[in-house]
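Here's the structure, in structure tokens; my notes come after.
All values below were derived from every heavy atom in this structure, side-chain atoms included, with hydrogens, water molecules and symmetry-related copies excluded. Counting starts at 1 for both ligands and their atoms, in listed order.
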Amino acid sequence: MPASSKRIVEAFARMSPFMNFFLNSTFAREGNRPGACVFVAGDPWEGPPLGFVESLQRAAVPQNPNWFGYRNYVPEAQAAVAAGLRARTGLAYADEDVLLTNGAFAGLAALCLAVLDPGDEVIFNSPPWFFYESMLAGSGAVPVRVRVRADDYDLDLAALEAALTPRTRAVLVNSPNNPTGRIYPPATLQALADLLTRASARLGRVLYLISDEAYKHILFDGRKHYSPALYYPHTLVVYTYGKTLLTPGQRLGYLALPPDMPAADRAELRQTIFGAQFLIGFAFPNALLQYVLPELEQQHVDLTRLERRRDRFIRALRGMGYSVHQPEGAFYLLPRSPIPNDWAFTEQLAARQVFVLPGQAVEMPGFFRISLTGSDDMVDRALPAFAETLAGLNAG
Ligand SMILES: Cc1ncc(COP(=O)(O)O)c(C=O)c1O
């Protein structure tokens, strides 16, 4: 096997608990059946937000003969994103520093190629999004896992500092976090920025902070999202519209380079990321999505509905005897599995056509993850199954 194939196979093998679930569980065989209650991933079970379909329908009508030609960054789309970023953060984002991608996947892949050398270490926080470790390893970088604090899921800054080495190139954070729902507070982000500034000076090269902000608009209880870019000038923001709009199959996202990064660094990064997007396979959003991006910037999944669903689930599950914490953002619950083997527990639920993700797939053995993107009707039908499964375990 060629070395490149071996690297990919080995990198992908790091996701084996996740892949195992998607290939070998009852969900893999029965998750698509009519009547299934599916809370596995952030898939839309209640349709896109108001206006989304109309926006795409309008954009599908060509306005010139080259309407469906190649597009890398459509300037109006860049301008709409930058205006939104400026308004929300107060940072002076330049239009040209918004690099449009086909989702956060592509943004991360382009960053791996553009800013990481083989052997560079990148610290990521666990529990993580499934693909970080494999994507980093697949690009030749060395993923370094640091566990978040067990009690409140905040970053463990002491552990993070201890994980820095002369080969560290970047730290990757994700807030609001998938799967914990934690929003890192300003004090944590300031301390992280101070830590990275000190480490950069010590190491004699700038450390990047990669900020995956996929869920920055999925916030509960009136909470705010704080971008790490407010605290650390070498922050590369990664975003996808797939969560905010609940349309993950329509691939749209961006990378944003912050204005406080020195102009020469930004110019160099713009160039290398642009090149990287070509090299990984024209990783730009499709033309239609770029045309409608100014409209999509204004659209939003119904947060009140998501929050209501979160509260209903938590109330019902706690009432049954499950232990479940309350997420601040993103759209997942992470209850404790009533038995240590979370896979066995999720299979018992699956026998009742209720599908959730075993915690081992997100580095949370002993827990399970519920996506709040299942429909209310699915919740109606699933709650009795949660109660019966627990009762069955208690009786056994
Ligand atoms: C934290 C996080 N980052 C990135 C992604 C990838 O998003 P997309 O598929 O829209 O590119 C996801 C999707 O689940 C995610 O949860």
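With sequence neighbours left out, Phe52 forms a ring pair (Phe, Tyr, Trp, His ring centres under 6.0 Å) with no residue at all. When the ring pair (Phe, Tyr, Trp, His ring centres under 6.0 Å) test is applied to Phe331, the partners found at least two apart in sequence or on another chain are Tyr215.
Less than 6.0 angstrom separates the ring centroid of Phe284 from the ring centroid of Phe278.
When all heavy atoms of Asp376 and Glu46 are compared, the closest pair comes out as N-OE2, 3.2 Å.
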Name each donor-acceptor pair under 3.5 Å that joins a side chain in residues 134-142 to protein atoms two or more places apart or in another chain, with its distance.
| residue | atom | partner | partner atom | Å |
| --- | --- | --- | --- | --- |
| Ser134 | OG | Ala11 | O | 3.0 |
| Ser139 | OG | Leu136 | O | 2.8 |

Put together the list of close N/O pairs, under 3.5 Å, between ligand 1 and the protein, could you?
| residue | atom | partner | partner atom | Å |
| --- | --- | --- | --- | --- |
| ligand 1 | 3 (N) | Asp212 | OD1 | 3.4 |
| ligand 1 | 3 (N) | Asp212 | OD2 | 2.5 |
| ligand 1 | 9 (O) | Arg251 | NH1 | 3.0 |
| ligand 1 | 9 (O) | Arg251 | NH2 | 3.3 |
| ligand 1 | 10 (O) | Thr240 | OG1 | 2.6 |
| ligand 1 | 11 (O) | Ala104 | N | 2.8 |
| ligand 1 | 11 (O) | Phe105 | N | 3.0 |
| ligand 1 | 11 (O) | Arg251 | NH2 | 2.8 |
| ligand 1 | 14 (O) | Trp129 | NE1 | 3.2 |
| ligand 1 | 14 (O) | Lys243 | NZ | 2.6 |
| ligand 1 | 16 (O) | Asn178 | ND2 | 2.9 |
| ligand 1 | 16 (O) | Tyr215 | OH | 2.7 |

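Salt-bridge formation is detected for the pair Arg312/Asp380: a Lys NZ or Arg NE/NH1/NH2 atom is positioned less than 4.0 Å from an Asp or Glu carboxylate oxygen.
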